[in-house]
Amino acid sequence: MRIHHLNCGTDCPLGGALFDGRSHGPLGHLVCHCLLIETNAHGLVLVDTGYGLRDVADARARLPLPWRLMLNIRLRKEETAIHQIRALGFNASDVRHIVLTHLDFDHAGGLEDFPHATVHVMQREYDDATVPHTGFVARNRWQERQLDGVTDWRRYGAGGDPWFGFDAVRDLDGLPPEILLVPLPGHTWGHTGVAIRGDDGRWLLHAGDAYFYRGEMRRARRHCTPGLRAYQRLMEVDATSRMTNQERLRRLSIERRHSVTVTCSHDPVELERCQAGHPL
């Protein structure tokens, strides 16, 4: 399998390095790190979608105002998954499967750009995203307009086989055994990582929003910027579950560094290193 690392959305929150740890100006730079997987017999598989064409065309109707202001979202047609996939010489119909870490607006915005794809998600995430919501965060994080065009859902329970000490959901419907879900609740109750085994036997774990900053992995002591630390707390549904899973991921990234690469959704340095073929 060949894996492409795509940026399917850019956020520029006020605070600069207080968010991304490296900007020199007043604005930070965060990404929406998605994966495009070329498989031999199962077509293209997209992991998360970032923002989509309809988000770009009508952000006011599609994206929550508090988040548009807080994140200073920069919507660009050329950053949508469908635009980048076409630039690689493929068509929307070539994307046969979309595997989602969760259904937040910045991960599911491009679903409608691939109307023929089967969409894979945890059952708990689907349930939470499609019921009436109470509370400020819940009312804004899930956007019904982004989901109502999907006609082929595949939903999974949290039980599964062991994978490096984590539970894993294997045998995803229509997908090769090299792709599996690794439930990581905390950010949302139905949040999951997506693990892909490469041709060389190494695993890539896209951990979604289980962490946000590169300093939270690959070192014994966690380090996170103040802006992203606060944002994670704002968005979490359960602090204990989130921090427990993040600690487990940190140990995995250290103890299994020769066999597992861990990356997240929003860190620009991790994305750049993955694109260069030299992940952290």
Side-chain angles (χ1 to χ4, degrees), residues 7-34 48-51 55 59 62-75 79 100-109 125 128-129 133 135-143 146 184-193 206-219 221-250 253 262-272 280:
N7 175 29
C8 297
T10 298
D11 303 328
C12 298
L14 184 64
L18 294 176
F19 277 89
D20 63 26
R22 67 173 185 173
S23 290
H24 298 290
L27 300 181
H29 177 214
L30 306 176
V31 299
C32 295
H33 184 171
C34 302
D48 283 351
T49 69
Y51 301 115
D55 298 327
R62 301 266 300 180
L63 302 176
L65 176 61
W67 270 256
R68 296 204 320 266
L69 297 176
M70 179 174 23
L71 297 175
N72 191 18
I73 301 172
R74 304 296 178 90
L75 295 167
E79 285 189 348
L100 293 167
T101 61
H102 59 304
L103 287 166
D104 278 358
F105 64 90
D106 54 342
H107 295 256
E125 184 70 12
D128 288 349
H133 303 119
F136 174 75
V137 172
R139 289 198 309 269
N140 285 280
R141 73 187 315 160
W142 294 301
Q143 297 298 304
Q146 295 178 334
L184 298 169
H187 181 71
T188 66
W189 286 117
H191 181 275
T192 184
H206 189 304
D209 287 359
Y211 73 97
F212 274 66
Y213 187 66
R214 55 194 175 275
E216 296 177 288
M217 294 293 119
R218 294 169 290 271
R219 58 174 69 189
R221 187 173 181 179
R222 173 179 181 255
H223 168 66
C224 186
T225 57
L228 290 180
R229 190 183 306 121
Y231 189 76
Q232 291 185 78
R233 289 174 178 169
L234 171 68
M235 299 298 289
E236 69 190 8
V237 295
D238 185 74
T240 300
S241 297
R242 181 177 70 83
M243 294 307 298
T244 297
N245 279 317
Q246 193 178 107
E247 173 60 30
R248 295 171 70 207
L249 285 173
R250 183 160 49 253
S253 71
V262 182
T263 190
C264 70
S265 293
H266 299 298
D267 189 284
V269 174
E270 285 192 342
L271 172 64
E272 291 164 7
L280 293 165

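For clarity, every value in this text was computed on a predicted model and none was experimentally measured. Side chains included, hydrogens not; waters and symmetry mates left out as well; all remaining heavy atoms used.
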Closest contact, heavy atoms only, Pro185 versus Trp189: CB-O, 3.5 Å
Counting only N and O atoms by type, is there a donor-acceptor contact under 3.5 Å from the side chain of Asp48 to the main-chain atoms of Gly50? no
Mind checking what makes side chain to side chain contact (heavy atoms under 4.5 Å, CB included) contact with Leu27, not counting sequence neighbours? Cys12, Leu14, Asn72, Arg74
Checking His191 side chain against Leu184 main chain: does a donor-acceptor pair fall under 3.5 Å? yes
Mind checking side-chain hydrogen bond (donor to acceptor under 3.5 Å, both in side chains) for Gln143 and listing every partner two or more places apart, or none if nothing turns up? none
Reported OH-to-SG distance for the pair Tyr213 and Cys224, which is rounded to 0.5 angstrom: 8.0 Å
Would you find a donor on one side and an acceptor on the other, under 3.5 Å apart, between the side chain of Asp20 and the backbone of Arg22? yes
Heavy-atom donor-acceptor pair, Arg222 side chain to Glu247 backbone, under 3.5 Å: no
Check: Asp11 side chain, Leu30 main-chain N or O, donor-acceptor pair, under 3.5 Å: no
Check each of Arg250, Gln232, His223 against Glu216 using the side-chain hydrogen bond (donor to acceptor under 3.5 Å, both in side chains) test, and report the only one that passes. Gln232
Closest non-hydrogen contact found for Ala108 with Thr49 is C-OG1, 3.3 Å
To the closest 0.5 Å, what do you measure between CG (Asp55) and CD1 (Ile73)? 8.5 Å
Give the minimum heavy-atom separation between Leu249 and Tyr211, together with the two atoms involved. CD1-CD2, 4.5 Å
Under a 3.5 Å cutoff, is there a donor and acceptor pairing between the side chains of His33 and Asp267? no
If we ignore hydrogens and angles and just use 3.5 Å, is the side chain of Asn7 paired with the main-chain N or O of Glu79 as donor and acceptor? no
Trp67: side-chain hydrogen bond (donor to acceptor under 3.5 Å, both in side chains) partners, not counting sequence neighbours: Tyr231
On a heavy-atom basis, the closest approach of Ala129 and His133 is O-CE1, 3.4 Å
Test Leu280 against Met217 for side chain to side chain contact (heavy atoms under 4.5 Å, CB included), laying out the working first. CA-CA 9 Å; Leu280 293 165; Met217 294 293 119; over 6 Å; no
Nearest 0.5 Å please: distance from the CG atom of Asn140 over to the CG atom of Leu65. 8.5 Å
Contact summary for Ser23 and Ala17, nearest pair of heavy atoms: O-CB, 3.4 Å
Quick one: does Ser253's side chain have a donor or acceptor within less than 3.5 Å of a partner on Arg218's backbone? yes
Give me the atom names and distance for the closest heavy-atom approach of His266 to Val31. ND1-O, 2.6 Å
Would you say the side-chain atoms of Arg62 pair up with the backbone N or O of Tyr51, donor to acceptor, closer than 3.5 Å? no
Any sub-3.5 Å donor-acceptor pair from Thr192's side-chain atoms to Thr101's backbone N or O? no
Can you list everything that forms a side-chain hydrogen bond (donor to acceptor under 3.5 Å, both in side chains) with His206? Sequence neighbours excluded, please. none
Residues forming a side-chain hydrogen bond (donor to acceptor under 3.5 Å, both in side chains) with Ser241, sequence neighbours excluded: Asp238
Let me see the working for Leu75 and Leu63 under side chain to side chain contact (heavy atoms under 4.5 Å, CB included), right down to the final yes or no. CA-CA 11 Å; Leu75 295 167; Leu63 302 176; 3.8 Å; yes
Qualifying residues under side chain to side chain contact (heavy atoms under 4.5 Å, CB included), relative to Arg233, sequence neighbours excluded: Arg229, Glu236, Arg242
Could you state the interatomic distance from NE2 (His107) to SG (Cys8), rounded to the nearest 0.5 Å? 11.0 Å
Tell me if a side-chain donor or acceptor on Glu125 pairs with a main-chain N or O of His102 at a distance below 3.5 Å. no
CA sep, side-chain torsions, deciding dist, call: His187, Phe212, side chain to side chain contact (heavy atoms under 4.5 Å, CB included): CA-CA 11 Å; His187 181 71; Phe212 274 66; 4.1 Å; yes
Run the side chain to side chain contact (heavy atoms under 4.5 Å, CB included) check on Met70 and Leu234 step by step: do they pass? CA-CA 12 Å; Met70 179 174 23; Leu234 171 68; 3.9 Å; yes
